[in-house]
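Worksheet: the structure to be examined is printed underneath.
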Amino acid sequence: MKEKELRRSLSVFPIGTVMKLTDLTARQIRYYEEQSLIHPKRNDGNRRMYSLNDIDVLLEIKDYLSEGINMAGIKHIYDMKREEKEKKAAELKKPVTDDDVRRIFHDELLQAGGLRDESGPTPLFHTHKPL
DNA sequence: ATTCTCACA
DNA sequence: TGTGAGTA
């Protein structure tokens, strides 16, 4: 499921193609970039190259706009989503503490002792609160 | 032909 | 946000 993410992140469309796909003007597309809603890469000729993800965001922006949400509101929506992702990314990089090891080892013993049912694959960490 | 930056009767 | 100018 990572190969797919990679392709969606590849910047391969010039602004002209994005205009037709999103029905937005070049002015608007560049403006939303200034608002940091999208981050198209630049090719060797300083031309903006958009990814499928950028196009999806552009389409989402159109929806929000049609629903009466202004740029400030839309920016807040993406700022929140960004902070949540950064938070989760930090969780994954967080090293396992001695405390975690103790809790995990304790549960491993309970399992070995047959004190738990055998239904389905036994989740290794789900029985613990988030690390 | 396309896209880019900048500016505004 | 639109649009025209002067480029690359």
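Residue numbers begin at 1 in each chain, while the letters A, B, ... track the order of the sequences.
Listed by first and then second residue, the side chain to side chain donor-acceptor pair (under 3.5 Å) pairs that reach into residues 72-83 of chain A are A:Gln35-A:Lys75, A:Glu60-A:Tyr78, A:Arg82-A:Glu86, sequence neighbours excluded. Within the structure, every pair that satisfies the salt bridge (charged side-chain N to carboxylate O under 4.0 Å, His left out) test and touches residues 31-50 of chain A, not counting sequence neighbours, is listed here: A:Glu33-A:Arg48.
A heavy atom lying under 4.0 Å from DNA chain C marks the following residues of residues 27-46 of chain A, by number: A:Arg27, A:Gln28, A:Tyr32.
Residues A:Tyr32 and A:Ile74 have side chains not in contact (no heavy-atom distance under 4.5 Å, counting atoms from C-beta outward).
First and last contacting nucleotides of DNA chain B toward chain A (any atom under 4.0 angstrom from a heavy atom, 5' to 3' order): B:dT2 to B:dT5. Here chain A contacts DNA chain C (any atom closer than 4.0 Å to a heavy atom, that is under 4.0 Å), and the contacts span C:dT1 to C:dA8 from 5' to 3'.
Closest approach of A:Tyr50 and A:Pro14 over heavy atoms only: CD1-C, 4.2 Å. Between A:Asn70 and A:Gly73, the shortest heavy-atom contact is OD1-N, 2.7 Å.
The backbone N or O of A:Thr97 sits less than 3.5 Å from a side-chain atom of A:Asp100, completing a donor-acceptor pair.
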Inset, instruction - Apply side chain to side chain contact (heavy atoms under 4.5 Å, CB included) to the pair A:Phe13 and A:Asp54, showing each step before the final yes or no. - result: CA-CA 10 Å; A:Phe13 307 104; A:Asp54 290 325; over 6 Å; no
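A:Ser11 meets the side chain to side chain donor-acceptor pair (under 3.5 Å) test with no other residue; sequence neighbours excluded. Residues satisfying the side-chain contact (heavy atoms from CB on, under 4.5 Å) test with A:Ser66, not counting sequence neighbours, are none. For the side chain to side chain donor-acceptor pair (under 3.5 Å) test, no residue two or more places apart in sequence or in another chain qualifies with A:Asp98. When the side chain to side chain donor-acceptor pair (under 3.5 Å) test is applied to A:Ser9, the partners found at least two apart in sequence or on another chain are A:Asn53.
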Inset, instruction - For DNA chain B, produce a single dot-bracket line, 5' to 3'. Pairs: Watson-Crick or G-U wobble, both distances under 3.5 Å. Symbols: ( ) within strand, [ ] crossing, | other strand, . unpaired. - result: .|.|||||.
Could you pull out all donor-acceptor pairs under 3.5 Å where a side-chain atom in residues 19-28 of chain A meets a protein atom, sequence neighbours excluded?
residue	atom	partner	partner atom	Å
A:Thr22	OG1	A:Val18	O	2.7
A:Thr22	OG1	A:Leu24	N	3.3
A:Thr25	OG1	A:Gln28	N	3.1
A:Thr25	OG1	A:Gln28	OE1	3.4
A:Gln28	OE1	A:Thr25	N	3.0

